[in-house]
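For reference, the structure is listed below as structure tokens.
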Number of protein chains: 2
Amino acid sequence: MTEDATGTDMPAQPEVPARMAAARGSRNDHTRRHNLSSLVTAVHYGGPLTRAQLTRDTGLNRSTIGGLVTELAELGLVIEDAAAETGAVGRPSLIVRPRVDVAALALHPDVDALELGAVAIDGTVVARRRTSVDAPPTPADAVAFAREAARDIAAEMPGLRVVGAGAAVPGLVAIDGSTVVAAPHLGWRDVDLGAALAEVFDFPIAVGNDANMGLRAEWSFGSARGVDTVVYLNGSASGIGGAALVGGRMLRGGRGYGGEFGHMMIRSDGDRCSCGRSGCLETELNAHRLDAAAHDAPAFDALASTLATAIANLECAFDPDLVLLGGYLGALFDARRDLVAARVRELAFRPDAEDVAIARARLGRNRLLIGAAERAFAPLLEDPAGVPLVAL
Amino acid sequence: MTEDATGTDMPAQPEVPARMAAARGSRNDHTRRHNLSSLVTAVHYGGPLTRAQLTRDTGLNRSTIGGLVTELAELGLVIEDAAAETGAVGRPSLIVRPRVDVAALALHPDVDALELGAVAIDGTVVARRRTSVDAPPTPADAVAFAREAARDIAAEMPGLRVVGAGAAVPGLVAIDGSTVVAAPHLGWRDVDLGAALAEVFDFPIAVGNDANMGLRAEWSFGSARGVDTVVYLNGSASGIGGAALVGGRMLRGGRGYGGEFGHMMIRSDGDRCSCGRSGCLETELNAHRLDAAAHDAPAFDALASTLATAIANLECAFDPDLVLLGGYLGALFDARRDLVAARVRELAFRPDAEDVAIARARLGRNRLLIGAAERAFAPLLEDPAGVPLVAL
DNA sequence: GGGTATATGTTCTCTGCGGGAACATTTTAA
DNA sequence: TTAAAATGTTCCCGCAGAGAACATATACCC
């Protein structure tokens, strides 16, 4: 039995999938939206920029930029300041800066703590509330904490205008961006956290996997800033979280479970993993084993070598511009940089002698807050005039 | 040493990567281009469509569609026919069909043969020339063959207007879409095939990896039609080629070497692979072993199980909507469907009981020609008015 | 066979948006 | 003080799609 190896005729194609069908028509107001989006995106990631800079970057006309910036100012998203002294010839250009009273909330429920932050549109964490918990919090705990902490922050920062909230959850989140399908360490299963939070807040909620949001943060303001193709591995008490950026887009997968590199098989004769399989990366290289090997150089080296194997495997699948390591994997890498690099060089499938770039994540405790907030900001960046801001 | 766990302040961001900077401004003619592109894309993938259908799909106005279709007809890309009898009330809508004299060439140099095809814009292979070779062809052989075969096809089909050519090469192709960095089975290394072909042809050349182009073809007109997230594995004499679609986009990687799943480690104590590592999928599961196990059920089952392991591993990394198998992997799957499915179910990292969809590629010998042609058509689909068509 | 309802093609006008020219403003340099 | 350079502002133009009005082609009903 072989594949259809028919002649020149093609089979009939009754159904046309959405992506292949005629895209929704583009109208003039789409143009406007796109241009507004470009400007907000630029000041979001790039901070204050002059109008002249925006004119050059976009290729749009001075007059057009003027109109767009005016509209953004009226929307309350940016402020125009008089220029700083530049020393250059000519009339100084006005400086467009994002208004830092525009913010997003970010929730991070974890095994041992609940945290809520407010992140301004320039990526700074402007407020933070954290509470340690003895037992893993229930969804209701998380929602109640979020409501109280938000109320508290609102009192502290009365002028804050909120675009939405993001929640970074250590577990599998469905593609709907709302349902936590399984968060083993929290003991959650099929919890619609987005709906629960929506009952407490008046703005949109985006729920996502913590590793995805961590990578998003590092891409936006951290070690992976602007890098198009990134593989991210983060080691924490709850195992190894993974995420990948592919061509500038987050790898999500069909159901939202993409990037679970903690469960890639790294040793065919490895130990049993909690997921039911054997030899998963997060079983072979977990915090416990790392602690145990802390004073045993050969064992520690072996773990570094395991990390290198995982990196090499991901390298041949993704060919990333950068492999980013966070949590205890970042620490392990820092402790054995040369060994890891050498081992990856040895194992990596590469036609050239160029090394795989490996770096350590650097946003630390701000990472998940920033990442979750980035998710919440995304609709605003895409359609600045179409997303309402509400008082917290 | 820990990651920067600073307070609320963000580090300064001196450089802004291109993706984050203000995007190029959108002008009115971008709108036009986008809409023309939508229509050509729709008839390319969906075949003949009525104007009324296009109006509904795009949401554009009847009058706008009229103008767009007229422009496409003037460009020689589509033809409007009187409606077929539909039996419906009302004036019958005109049928817009792609002009099949618009074509792309597709070259496939392989170990044992050279093949050139002409593929019409509706995806049909309208001409084909093939020659078997005793020894792997040199780049010069491939170019000479392409020139002669193209001349031959031109004589046979005088009216053909060509948008470009694609070449599907069994090896690593650089991100530039021109240079074959390494094609071990052909014995090519650092060959700028695109430049060599450009000296012979008057149209743009796109060179790519054969697995990528195979998946592109199956996505366009085959088993993976329109599926957003696909992992593809193809077994051939030259090993196992891999490719992936992520969110509707081909996984390319930073240098163009993404998707080399043939070299993912599948057994930590496996045999030495030609790439220098051990236990690579294409070493553990190659054509030779498959032949050897043809009459040994347990050995054959073991190979099927190896395939299942690979699928499960890819599943946890990509969470694909579909795993597509071609070549001997497709045959192996067909011979042991239940075993593979059961083993994948057992190994796959999934929170739900839903099975991973696995299918066999079905375009057969047309696959690489169609895929390579798709690459060549891409610029035309994106900017129908901006890409010249030349006589072959 | 003729009239009506329905759907679509065609034409014309209107609106929104970006481009660009001309002019105003603000700085540096001579 | 004047000139040059760069940018902001204003006003007008052209392009593209929306939509109304009208023309055309089919099915259905009598």
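Residue numbers begin at 1 in each chain, while the letters A, B, ... track the order of the sequences. These numbers come from a predicted model, not from an experiment.
- Distances from the side chain of Arg62(B) to the nucleotides dT26(D), dG8(D), dT8(C) place dT8(C) closest.
- Mapping Gly90(A) and Leu68(A) onto DNA chain C via the closest heavy atom, the residue that lands nearer the 5' end is Leu68(A).
- In this structure, Gln53(A) places its CD atom 14 Å from P of dA6(D), rounding to the nearest Å.
- Distance, His30(B) NE2 to dG17(D) P: 13 Å, rounded to whole Å.
- Counting to the nearest Å, the C1' atom of dT10(C) and the CZ atom of Arg51(B) are 9 Å from each other.
- For dG18(C), its base never sits under 3.5 Å from the side chain of Thr31(A) at any donor and acceptor pair.
- Summarising the geometry, the separation between CG on Leu94(B) and P on dA7(C) is reported as 17 Å, rounded to the nearest angstrom.
- In this structure, Glu218(A) contributes its side chain and Ser223(A) its backbone to a donor-acceptor pair below 3.5 Å.
- In this structure, the CD1 atom of Ile65(B) is 15 Å from the C1' atom of dG19(D), given to the nearest Å.
- Below the 3.5 angstrom threshold, one finds no donor paired with an acceptor across the side chain of Ser93(B) and the base of dG9(C).
- No side-chain donor from either of Asp176(A) and Ser178(A) sits under 3.5 Å from a side-chain acceptor of the other.
- A donor-acceptor contact closer than 3.5 angstrom links the side chains of Asp122(A) and Thr124(A).
- The residue Gly87(B) sits close only to the backbone: its heavy atoms come under 4.0 Å of sugar-phosphate atoms, none of a base.
- Phosphate contact (OP1/OP2 of dG17(D), side-chain N/O of Asn35(B), threshold under 4.0 Å): present.
- Atom CZ of Arg33(B) and atom P of dC15(D) are 16 Å apart (whole Å).
- With dG19(C), dG17(D), dG8(D) as the candidates, the nucleotide lying closest to the side chain of Ser63(A) is dG19(C).
- Under a 3.5 Å cut-off, the side chain of His44(A) and the backbone N or O of Pro98(A) do not form any donor-acceptor pair.
- Distance Arg32(B) CZ to dA18(D) C1': 14 Å, rounded to the nearest Å.
- Remark on DNA chain C: of its neighbouring residues Thr70(B) and Val89(B), the 5'-side contact belongs to Val89(B), judged by nearest-heavy-atom nucleotide.
- Nearest nucleotide to the Thr64(A) side chain, out of dG18(C), dA27(D), dA16(D): dG18(C).
- Residue Arg56(A) places at least one side-chain N or O closer than 4.0 Å to OP1 or OP2 of dT7(D).
- Closest approach to the Arg91(B) side chain among dG17(D), dA23(D), dA5(D) is made by dA23(D) (side chain taken as heavy atoms from C-beta onward).
- For the pair Leu39(A) CG and dG18(C) P, the computed distance is 10 Å after rounding to whole Å.
- When atom types are taken as modelled, the side chain of Arg161(A) and the backbone of Gly76(A) share a donor-acceptor pair closer than 3.5 angstrom.
- Side chain Asn61(B) to base dG19(D): a donor-acceptor pair is found below 3.5 Å.
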